[in-house]
Each structure stands twice: as C-alpha cells, then as structure tokens.
Amino acid sequence: MEIQAWRMRLSFKNATIVLTILNLITALFLLQGFFSSAFSRSTGTSSNQFNSVQQSYIKESEEIRLAMQPWELIKRVKEIEQEAVAEPETVQQKEIKQTAAVDLSKRLKDFRSINDGSSLKALEEWRKRKMERARLRELEKNGTGT
C-alpha cells in the first residue's frame, strides 16, 4: 500500500508541476533582484554609497602607486637617454671637423710647396698647438664627465 502511495505522488504529472513551481519561484527571485538593482541605480541610494567607497579605495590605491614610483630614478634614466642621444651628434660633429681639418691640411700642403720653409715651420707649430689644445679639451671633458 505504501508503494502505491509513493507512485501516485511521484508521477510525471506531479514532478512536472513541482518543477514548474520551482522555476516560477526562481524566476520571481531573479526578477525581484533585477528590478531592485535597477531601482537602486535610478534612485542612487546604495549604489552611490558603494561607488563612493570604491572611488575612495581607487584614489587611495592610485596615490600609493604614485608614491611608490622612483621618480628620481626615472628622471635620471631620461637624462642618461638624452645624453646618449646627444653623444652621437657630437661624435659626428667631431668627425666632420676632423675631416675638414684633414682637407685643410692637404690644401695647405699643396700651398706650402709654393711657400718657403719658414711658413712650413709655422704651419707645423700651429698644427701641433691645435692638436694639443684639442687633446686638453678632450681630457677636461672626460675628467669632468666621469
């Protein structure tokens, strides 16, 4: 007798009715949650409070992140990069000057074949002084740079 009572209760019709009722209850809870969140957004009561709390956390974390950045190191790295960019230009300028000096010396050699020995001596002394000054400037630049 008990077995027949359970069979009557667990028929497909009864199971379908129970599942339909559970689905309706679930749908009502979902709709209630959806409409309550939409209503709170439109009124702005709890969501603004939540957003203000979130915004304060975001601002605080942003300040902490900015405080942790090594600004002096970043500035120094940028300076070094600018020096590295500027250095090849000066090397190129030095090469241009050296080629100009070589060209000038070739012209003077051609010209000195016409001139006498005293002008050759003066030219050699001038060239030696010029090279010595350039070497001293280079040493001073390297000495102060390091």
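- Note that CG of L123 is 10.0 Å distant from CD of E125, once rounded to the nearest 0.5 Å.
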Determine all donor-acceptor pairs shorter than 3.5 Å in which one atom belongs to a side chain in residues 27-35; sequence neighbours excluded.
none

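- Checked for salt-bridge contact, R65 and E62 meet the test: a charged N lies under 4.0 Å from a carboxylate O.
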Which side-chain N or O atoms in residues 67-77 pair as donor and acceptor under 3.5 Å with protein atoms at least two apart or in another chain?
unit_1 : atom_1 : unit_2 : atom_2 : d
W71    : NE1    : L66    : O      : 3.2
R76    : NH1    : E79    : OE1    : 3.2

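- For I17, the side chain to side chain contact (heavy atoms under 4.5 Å, CB included) test picks out K13, I21, with sequence neighbours left out.
- E124 has no carboxylate O lying under 4.0 Å from a charged side-chain N of K121, or vice versa, which leaves the two without a salt bridge.
- Rounding to the nearest 0.5 Å places NZ of K59 at 8.0 Å from OG of S56.
- Interatomic distance, CZ of R129 versus CZ of R127, reported as 12.5 Å (0.5 Å rounding).
- Note that the CD atom of E138 and the CE atom of M131 stand 11.0 Å from one another [nearest 0.5 Å].
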